[in-house]
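Below you'll find the structure, written out as C-alpha coordinates, and then a few comments.
In the text below, chain A, chain B and the rest are named by the order of the sequence lines, each starting its count at 1.
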Amino acid sequence: MSDAATMDGLPAGGKGVIADFSADKQSFHVPWGKAMMWIFLLSDTFIFSCFLVGYMHVRIAATDPWPLPSEVFALSFGGDPIPLILIAIMTFILITSSGTMALAVNMGYRKDKKKTFWLMVATALLGASFVGMQAFEWTKLIVDEGVRPWANPMGAAQFGSSFFMITGFHGMHVSAGVIYLLVVANRVRTGFYERRGDNYEIVEIAGLYWHFVDLVWVFIFAFFYLW
Amino acid sequence: MAQEGQQHPLGIYFKIWILLFVLSFFSYMVDYLNFQGATRWTLILLFMFLKAGFIIAIFMHMRWERLGLKLAILVPPVFIGVLIWLMAIEGNHTELTRFEFFGESTMVPQEVHH
(Lines give C-alpha, C1' and ligand atoms only; values in the text may rest on other atoms or scores of the structure.)
Protein backbone atom coordinates (compact mmCIF):
# COMPACT_ATOMS: atom_id res chain seq x y z
CA MET A 1 0.00 0.00 0.00
CA SER A 2 1.90 3.03 -1.17
CA ASP A 3 -0.81 5.69 -1.09
CA ALA A 4 -2.09 5.98 2.47
CA ALA A 5 -4.42 8.86 1.60
CA THR A 6 -6.79 6.80 -0.48
CA MET A 7 -6.81 3.72 1.75
CA ASP A 8 -10.40 2.56 2.23
CA GLY A 9 -11.55 6.15 2.11
CA LEU A 10 -9.87 6.87 5.45
CA PRO A 11 -8.61 10.45 5.84
CA ALA A 12 -4.83 11.03 5.75
CA GLY A 13 -2.58 13.28 7.85
CA GLY A 14 -3.73 14.86 11.13
CA LYS A 15 -7.39 14.04 10.51
CA GLY A 16 -6.30 10.46 9.86
CA VAL A 17 -4.63 10.27 13.31
CA ILE A 18 -7.82 11.41 15.01
CA ALA A 19 -9.96 9.06 12.92
CA ASP A 20 -7.64 6.11 13.67
CA PHE A 21 -7.43 6.65 17.43
CA SER A 22 -11.06 7.56 17.98
CA ALA A 23 -12.26 4.42 16.22
CA ASP A 24 -14.08 1.84 18.32
CA LYS A 25 -12.09 -1.11 17.08
CA GLN A 26 -8.73 -0.79 15.42
CA SER A 27 -6.13 1.99 15.53
CA PHE A 28 -3.33 0.53 13.45
CA HIS A 29 -4.34 -0.48 9.96
CA VAL A 30 -1.65 -3.13 9.65
CA PRO A 31 -1.71 -6.87 10.43
CA TRP A 32 -1.79 -7.33 14.22
CA GLY A 33 1.56 -9.15 14.20
CA LYS A 34 3.23 -6.17 12.59
CA ALA A 35 1.77 -3.71 15.10
CA MET A 36 2.92 -5.95 17.97
CA MET A 37 6.41 -6.25 16.49
CA TRP A 38 6.67 -2.46 16.24
CA ILE A 39 5.56 -2.08 19.85
CA PHE A 40 8.07 -4.72 20.96
CA LEU A 41 10.81 -2.91 19.04
CA LEU A 42 9.80 0.34 20.73
CA SER A 43 10.28 -1.29 24.14
CA ASP A 44 13.60 -2.73 22.97
CA THR A 45 14.62 0.78 21.90
CA PHE A 46 14.19 1.90 25.50
CA ILE A 47 16.25 -1.02 26.83
CA PHE A 48 19.17 -0.29 24.50
CA SER A 49 18.84 3.44 25.20
CA CYS A 50 19.12 2.77 28.93
CA PHE A 51 22.31 0.78 28.33
CA LEU A 52 23.81 3.48 26.13
CA VAL A 53 22.81 6.28 28.50
CA GLY A 54 24.26 4.28 31.40
CA TYR A 55 27.47 3.92 29.42
CA MET A 56 27.50 7.68 28.73
CA HIS A 57 27.09 8.36 32.44
CA VAL A 58 29.93 6.11 33.61
CA ARG A 59 32.18 7.41 30.84
CA ILE A 60 31.54 11.03 31.89
CA ALA A 61 31.92 10.21 35.59
CA ALA A 62 35.07 8.06 35.29
CA THR A 63 38.16 9.86 36.57
CA ASP A 64 40.60 7.31 35.10
CA PRO A 65 41.33 7.86 31.39
CA TRP A 66 38.90 6.09 29.04
CA PRO A 67 40.64 3.45 26.83
CA LEU A 68 40.77 4.55 23.18
CA PRO A 69 38.44 2.18 21.23
CA SER A 70 40.35 3.01 18.05
CA GLU A 71 43.48 1.42 19.56
CA VAL A 72 41.85 -1.28 21.68
CA PHE A 73 39.95 -2.69 18.69
CA ALA A 74 42.78 -2.34 16.19
CA LEU A 75 43.87 -5.54 14.50
CA SER A 76 47.22 -6.37 12.98
CA PHE A 77 47.60 -8.59 9.93
CA GLY A 78 51.36 -8.91 10.18
CA GLY A 79 52.05 -5.19 9.66
CA ASP A 80 50.93 -2.07 11.53
CA PRO A 81 47.63 -2.49 13.39
CA ILE A 82 44.65 -1.12 11.42
CA PRO A 83 42.24 0.79 13.68
CA LEU A 84 38.77 -0.71 14.24
CA ILE A 85 39.12 -2.96 11.19
CA LEU A 86 37.20 -5.94 12.59
CA ILE A 87 34.36 -3.67 13.75
CA ALA A 88 34.22 -2.12 10.28
CA ILE A 89 33.96 -5.58 8.67
CA MET A 90 31.22 -6.53 11.16
CA THR A 91 29.33 -3.33 10.27
CA PHE A 92 29.51 -4.13 6.56
CA ILE A 93 28.34 -7.70 7.17
CA LEU A 94 25.32 -6.50 9.12
CA ILE A 95 24.40 -3.99 6.40
CA THR A 96 24.76 -6.67 3.75
CA SER A 97 22.41 -8.87 5.76
CA SER A 98 19.92 -6.00 6.04
CA GLY A 99 19.94 -5.72 2.26
CA THR A 100 19.34 -9.44 1.70
CA MET A 101 16.53 -9.28 4.28
CA ALA A 102 14.87 -6.35 2.50
CA LEU A 103 14.99 -8.34 -0.75
CA ALA A 104 13.56 -11.41 1.02
CA VAL A 105 10.56 -9.35 2.19
CA ASN A 106 10.02 -8.11 -1.34
CA MET A 107 10.25 -11.62 -2.81
CA GLY A 108 7.84 -12.85 -0.14
CA TYR A 109 5.16 -10.43 -1.29
CA ARG A 110 5.81 -11.56 -4.86
CA LYS A 111 5.07 -15.09 -3.59
CA ASP A 112 8.46 -16.28 -4.83
CA LYS A 113 8.99 -18.98 -2.20
CA LYS A 114 12.36 -20.16 -3.41
CA LYS A 115 14.04 -16.75 -3.53
CA THR A 116 12.49 -15.72 -0.21
CA PHE A 117 13.84 -18.88 1.43
CA TRP A 118 17.38 -18.53 0.11
CA LEU A 119 17.59 -14.80 0.81
CA MET A 120 16.48 -15.44 4.41
CA VAL A 121 19.04 -18.23 4.75
CA ALA A 122 21.73 -15.87 3.41
CA THR A 123 20.64 -13.25 5.96
CA ALA A 124 20.83 -15.80 8.77
CA LEU A 125 24.29 -16.96 7.66
CA LEU A 126 25.59 -13.39 7.57
CA GLY A 127 24.12 -12.89 11.05
CA ALA A 128 25.82 -16.05 12.29
CA SER A 129 29.17 -14.88 10.89
CA PHE A 130 28.66 -11.57 12.71
CA VAL A 131 28.21 -13.45 16.00
CA GLY A 132 31.29 -15.53 15.19
CA MET A 133 33.40 -12.41 14.73
CA GLN A 134 32.03 -11.02 17.94
CA ALA A 135 33.08 -14.20 19.73
CA PHE A 136 36.59 -13.73 18.28
CA GLU A 137 36.62 -10.09 19.41
CA TRP A 138 35.54 -11.01 22.96
CA THR A 139 38.13 -13.78 23.19
CA LYS A 140 40.92 -11.46 22.03
CA LEU A 141 39.83 -8.78 24.50
CA ILE A 142 39.55 -11.17 27.45
CA VAL A 143 42.55 -13.43 26.81
CA ASP A 144 45.08 -11.14 25.11
CA GLU A 145 44.20 -7.68 26.43
CA GLY A 146 43.08 -8.73 29.91
CA VAL A 147 39.81 -6.77 29.82
CA ARG A 148 37.39 -7.75 32.59
CA PRO A 149 34.01 -6.29 33.55
CA TRP A 150 35.62 -4.92 36.73
CA ALA A 151 39.05 -3.82 35.45
CA ASN A 152 41.33 -3.49 32.45
CA PRO A 153 44.97 -2.45 32.01
CA MET A 154 44.19 0.32 29.49
CA GLY A 155 42.16 2.71 31.63
CA ALA A 156 38.80 3.20 33.35
CA ALA A 157 37.32 -0.01 34.80
CA GLN A 158 33.84 0.93 33.52
CA PHE A 159 35.03 0.31 29.95
CA GLY A 160 34.80 -3.46 30.36
CA SER A 161 31.40 -3.56 32.02
CA SER A 162 29.85 -1.23 29.43
CA PHE A 163 31.42 -3.15 26.57
CA PHE A 164 30.37 -6.63 27.67
CA MET A 165 26.88 -5.50 28.64
CA ILE A 166 26.09 -3.56 25.47
CA THR A 167 27.70 -5.76 22.83
CA GLY A 168 26.63 -8.90 24.70
CA PHE A 169 22.99 -7.86 24.70
CA HIS A 170 23.22 -6.92 21.04
CA GLY A 171 24.93 -10.22 20.15
CA MET A 172 22.14 -12.05 21.97
CA HIS A 173 19.62 -10.21 19.78
CA VAL A 174 21.53 -11.22 16.63
CA SER A 175 21.69 -14.87 17.76
CA ALA A 176 17.96 -14.91 18.52
CA GLY A 177 17.35 -13.28 15.13
CA VAL A 178 19.32 -16.00 13.33
CA ILE A 179 17.13 -18.70 14.92
CA TYR A 180 13.94 -16.70 14.25
CA LEU A 181 14.87 -16.19 10.57
CA LEU A 182 15.71 -19.86 10.06
CA VAL A 183 12.39 -20.95 11.56
CA VAL A 184 10.40 -18.56 9.35
CA ALA A 185 12.51 -19.43 6.28
CA ASN A 186 11.83 -23.12 6.78
CA ARG A 187 8.10 -22.48 7.08
CA VAL A 188 8.22 -20.47 3.84
CA ARG A 189 9.99 -23.41 2.17
CA THR A 190 7.52 -26.06 3.37
CA GLY A 191 4.53 -23.97 2.30
CA PHE A 192 3.22 -23.53 5.87
CA TYR A 193 2.12 -19.92 5.24
CA GLU A 194 0.72 -20.79 1.84
CA ARG A 195 -1.56 -23.45 3.32
CA ARG A 196 -2.64 -21.06 6.04
CA GLY A 197 -3.51 -18.48 3.39
CA ASP A 198 -1.06 -15.92 4.76
CA ASN A 199 0.24 -13.12 2.63
CA TYR A 200 3.89 -13.64 3.70
CA GLU A 201 3.58 -10.58 5.94
CA ILE A 202 5.35 -12.76 8.52
CA VAL A 203 8.51 -12.33 6.42
CA GLU A 204 8.14 -8.56 6.71
CA ILE A 205 7.61 -8.84 10.49
CA ALA A 206 10.76 -10.97 10.85
CA GLY A 207 12.47 -8.39 8.64
CA LEU A 208 11.46 -5.57 10.99
CA TYR A 209 13.23 -7.37 13.85
CA TRP A 210 16.33 -7.95 11.74
CA HIS A 211 16.55 -4.33 10.55
CA PHE A 212 16.17 -3.22 14.15
CA VAL A 213 19.19 -5.31 15.15
CA ASP A 214 21.14 -3.53 12.39
CA LEU A 215 19.74 -0.19 13.59
CA VAL A 216 20.96 -0.78 17.14
CA TRP A 217 24.40 -1.60 15.79
CA VAL A 218 24.48 1.79 14.02
CA PHE A 219 24.13 3.46 17.42
CA ILE A 220 26.58 1.14 19.20
CA PHE A 221 29.13 1.67 16.43
CA ALA A 222 28.77 5.47 16.70
CA PHE A 223 28.71 5.83 20.47
CA PHE A 224 30.89 3.00 21.71
CA TYR A 225 33.46 2.43 18.98
CA LEU A 226 33.79 5.80 17.26
CA TRP A 227 33.13 8.36 20.04
CA MET B 1 -7.39 -2.82 5.26
CA ALA B 2 -3.81 -2.67 4.02
CA GLN B 3 -3.50 -6.42 3.78
CA GLU B 4 -1.74 -6.23 0.43
CA GLY B 5 1.49 -5.52 2.31
CA GLN B 6 4.44 -3.35 1.42
CA GLN B 7 5.28 -3.81 -2.24
CA HIS B 8 7.81 -1.50 -3.79
CA PRO B 9 10.11 -1.66 -6.80
CA LEU B 10 13.42 -3.41 -6.14
CA GLY B 11 15.44 -0.40 -7.32
CA ILE B 12 14.86 1.61 -4.14
CA TYR B 13 16.24 -1.22 -1.98
CA PHE B 14 19.44 -1.44 -4.02
CA LYS B 15 19.89 2.36 -3.92
CA ILE B 16 19.47 2.51 -0.15
CA TRP B 17 21.71 -0.54 0.27
CA ILE B 18 24.55 1.19 -1.62
CA LEU B 19 23.89 4.42 0.29
CA LEU B 20 24.22 2.58 3.62
CA PHE B 21 27.54 1.11 2.49
CA VAL B 22 28.81 4.55 1.53
CA LEU B 23 27.65 6.12 4.81
CA SER B 24 29.26 3.28 6.81
CA PHE B 25 32.47 3.81 4.90
CA PHE B 26 32.34 7.53 5.73
CA SER B 27 31.76 6.88 9.42
CA TYR B 28 34.69 4.46 9.46
CA MET B 29 36.81 7.14 7.75
CA VAL B 30 36.01 9.52 10.62
CA ASP B 31 38.10 7.24 12.81
CA TYR B 32 40.63 6.19 10.18
CA LEU B 33 41.48 9.78 9.21
CA ASN B 34 41.58 10.64 12.90
CA PHE B 35 39.21 13.61 13.06
CA GLN B 36 39.07 14.99 16.60
CA GLY B 37 36.90 17.22 18.78
CA ALA B 38 33.72 18.87 17.54
CA THR B 39 34.32 17.85 13.90
CA ARG B 40 34.52 14.18 14.93
CA TRP B 41 31.35 14.26 17.03
CA THR B 42 29.38 16.18 14.40
CA LEU B 43 30.39 13.75 11.64
CA ILE B 44 29.68 10.67 13.80
CA LEU B 45 26.19 11.94 14.66
CA LEU B 46 25.46 13.04 11.09
CA PHE B 47 26.30 9.67 9.53
CA MET B 48 24.59 7.82 12.40
CA PHE B 49 21.28 9.67 12.01
CA LEU B 50 21.36 9.39 8.21
CA LYS B 51 21.92 5.62 8.39
CA ALA B 52 19.29 5.13 11.08
CA GLY B 53 16.82 7.29 9.13
CA PHE B 54 17.22 5.35 5.88
CA ILE B 55 16.95 1.98 7.63
CA ILE B 56 13.73 2.99 9.41
CA ALA B 57 12.18 4.88 6.50
CA ILE B 58 12.93 2.50 3.62
CA PHE B 59 14.01 -0.94 4.88
CA MET B 60 11.44 -0.94 7.69
CA HIS B 61 8.89 0.73 5.39
CA MET B 62 8.01 3.40 7.94
CA ARG B 63 7.81 6.00 5.17
CA TRP B 64 4.78 4.25 3.68
CA GLU B 65 2.92 3.63 6.96
CA ARG B 66 0.00 5.73 8.15
CA LEU B 67 0.75 8.75 10.32
CA GLY B 68 -0.95 7.10 13.32
CA LEU B 69 1.59 4.26 13.41
CA LYS B 70 4.49 6.64 12.68
CA LEU B 71 3.59 8.85 15.65
CA ALA B 72 2.97 5.92 18.02
CA ILE B 73 6.43 4.46 17.33
CA LEU B 74 8.62 7.48 16.58
CA VAL B 75 7.45 10.02 19.17
CA PRO B 76 8.13 8.07 22.44
CA PRO B 77 11.91 7.69 21.79
CA VAL B 78 12.17 11.51 21.65
CA PHE B 79 11.78 11.53 25.45
CA ILE B 80 15.03 9.57 25.78
CA GLY B 81 16.57 12.99 25.15
CA VAL B 82 15.41 14.05 28.61
CA LEU B 83 17.17 11.03 30.16
CA ILE B 84 20.36 11.80 28.23
CA TRP B 85 20.25 15.42 29.42
CA LEU B 86 19.65 14.49 33.08
CA MET B 87 22.33 11.77 33.12
CA ALA B 88 24.88 14.08 31.49
CA ILE B 89 24.34 16.59 34.34
CA GLU B 90 24.47 13.79 36.89
CA GLY B 91 27.63 12.33 35.33
CA ASN B 92 29.45 15.65 35.46
CA HIS B 93 28.40 16.11 39.07
CA THR B 94 29.65 12.63 39.98
CA GLU B 95 32.98 13.28 38.29
CA LEU B 96 33.45 16.61 40.11
CA THR B 97 32.58 14.97 43.43
CA ARG B 98 35.12 12.20 42.78
CA PHE B 99 37.86 14.71 42.00
CA GLU B 100 36.87 16.68 45.13
CA PHE B 101 37.09 13.70 47.50
CA PHE B 102 39.45 11.21 45.83
CA GLY B 103 41.73 13.58 43.90
CA GLU B 104 43.15 13.16 40.42
CA SER B 105 43.50 9.69 38.90
CA THR B 106 46.86 8.04 39.53
CA MET B 107 46.29 5.27 37.03
CA VAL B 108 49.00 4.73 34.42
CA PRO B 109 47.28 3.22 31.36
CA GLN B 110 49.21 0.45 29.64
CA GLU B 111 49.77 0.25 25.89
CA VAL B 112 47.54 -2.09 23.94
CA HIS B 113 49.52 -4.97 22.49
CA HIS B 114 48.36 -6.49 19.22
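- Side-chain contact between B/P77 and A/S49: absent, with no pair of heavy atoms (C-beta onward) separated by less than 4.5 Å.
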_Test side-chain contact (heavy atoms from CB on, under 4.5 Å) on B/Y28 and A/I87; report intermediate values, then the result._
CA-CA 9 Å; B/Y28 178 59; A/I87 313 303; over 6 Å; no
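- For the set B/L96, B/I73, B/L67, the count of heavy-atom pairs under 4.5 angstrom toward chain A peaks at B/I73.
- Heavy atoms of other residues, nucleotides or ligands lying less than 6.0 angstrom from CZ of A/F92 number more than 12.
- Applying a 4.5 Å heavy-atom cutoff, the residues of residues 81-88 of chain B that approach chain A are B/L83, B/I84, B/M87, B/A88.
- Proximity of A/T63 to B/E95: side-chain heavy atoms (C-beta onward) are separated by under 4.5 Å at one or more points.
- Heavy atoms only, all atoms of each residue included: B/D31 and A/S70 are closest at OD2-OG, 3.0 Å.
- Around the CZ atom of B/F25, the shell of radius 6.0 Å holds no more than 12 heavy atoms that belong to other residues, nucleotides or ligands.
- With a threshold of 4.5 angstrom between heavy atoms, A/F21 approaches chain B through side-chain atoms but not through N, CA, C or O.
- In terms of heavy-atom pairs under 4.5 Å with chain A, the best-connected choice from B/L69, B/T94, B/L23, B/I56 is B/L69.
- Both the backbone and the side chain of A/F212 come within contact range of chain B, judged by heavy atoms closer than 4.5 Å.
- More than 12 heavy atoms of other residues, nucleotides or ligands sit less than 6.0 Å from atom CE of B/M29.
- By the neighbour-count criterion of 12 heavy atoms within 6.0 Å, atom CH2 of A/W118 is sparsely surrounded, having that number or fewer from other residues, nucleotides or ligands.
- Side-chain atoms of B/Y13 and A/N106, non-hydrogen and from C-beta on, do get closer than 4.5 Å to each other.
- Looking at B/L71, the atoms closer than 4.5 Å to chain A (heavy atoms on both sides) all sit in the side chain, from C-beta outward.
- To the nearest 0.5 Å, atom CZ of residue A/F219 and atom NZ of residue B/K51 are 10.0 Å apart.
- Checking side-chain atoms of B/W17 against main-chain N and O of A/I95 turns up a donor-acceptor pair under 3.5 Å.
- With a 4.5 Å cut-off on non-hydrogen atoms, B/F14 touches chain A through its side chain but not through its backbone.
- Considering only heavy atoms from C-beta on, A/F223 comes within 4.5 Å of B/L45 through its side chain.
- Taking CE from B/M62 and NE2 from A/H211, the interatomic distance works out to 13.0 Å, rounded to the nearest 0.5 Å.
- Of all non-hydrogen atoms in B/H8 and A/R110, the two that sit nearest each other are O-NH2, 3.9 Å.
- Taking a 6.0 Å sphere around NZ of A/K111, one finds it holds more than 12 heavy atoms contributed by other residues, nucleotides or ligands.
- For B/K15, the salt bridge (Lys or Arg N to Asp or Glu O under 4.0 Å) test picks out no residue, with sequence neighbours left out.
- Two residues are said to be in side-chain contact when any heavy atoms from C-beta on lie closer than 4.5 Å; A/M107 and B/L10 meet this criterion.
- Highest contact tally toward chain B, considering only A/D64, A/I39, A/L208, A/L68, is held by A/D64 [criterion: heavy-atom pairs under 4.5 Å].
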message: Is there a side-chain contact (heavy atoms from CB on, under 4.5 Å) between A/M101 and B/F59? Walk through the geometry before answering.
response: CA-CA 9 Å; A/M101 189 67 233; B/F59 278 5; over 6 Å; no
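- Chain B forms more heavy-atom pairs under 4.5 Å with one residue of A/L84, A/V58, A/L41 than with any other, namely A/L84.
- Annotation: maximal heavy-atom pairing with chain A below 4.5 Å, among B/P109, B/P9, B/A72, occurs at B/P109.
- B/H93 does not touch chain A: none of its heavy atoms, backbone or side chain, sits under 4.5 Å away.
- A donor-acceptor contact shorter than 3.5 Å is absent between the side chain of B/N92 and the backbone of A/I60.
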Item to complete: Let me see the working for B/W41 and A/L226 under side-chain contact (heavy atoms from CB on, under 4.5 Å), right down to the final yes or no.
Response: CA-CA 9 Å; B/W41 299 326; A/L226 291 178; over 6 Å; no
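- The environment of CE in A/M36 is sparse: at most 12 heavy-atom neighbours from other residues, nucleotides or ligands sit within 6.0 Å.
- Residues A/W38 and B/M60 are in side-chain contact: their nearest non-hydrogen atoms beyond the backbone lie under 4.5 Å apart.
- Annotation for A/M154 and B/Q110: closest pair CG-O, 3.7 Å, computed over non-hydrogen atoms.
- At a 4.5 Å heavy-atom cutoff, the contact between A/M56 and chain B is made by side-chain atoms alone.
- A/T100 touches chain B through backbone and side chain together, each having a heavy atom under 4.5 Å away.
- The shortest side-chain heavy-atom distance between B/P76 and A/L42 falls under the 4.5 Å cut-off.
- The local environment of CG in B/N34 is crowded, with over 12 non-hydrogen atoms from other residues, nucleotides or ligands closer than 6.0 Å.
- The two atoms that bring B/G68 and A/F28 nearest to each other are O-CE2, 3.9 Å, heavy atoms only.
- Other residues, nucleotides and ligands contribute at most 12 non-hydrogen atoms within 6.0 Å of the CZ atom of B/F79.
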Review point. Is there a side-chain contact (heavy atoms from CB on, under 4.5 Å) between B/F21 and A/T91 once you walk through the steps?
Key: CA-CA 9 Å; B/F21 273 117; A/T91 305; over 6 Å; no
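- Heavy-atom pairs under 4.5 Å with chain B peak, among A/L103, A/T96, A/N152, A/L52, at A/T96.
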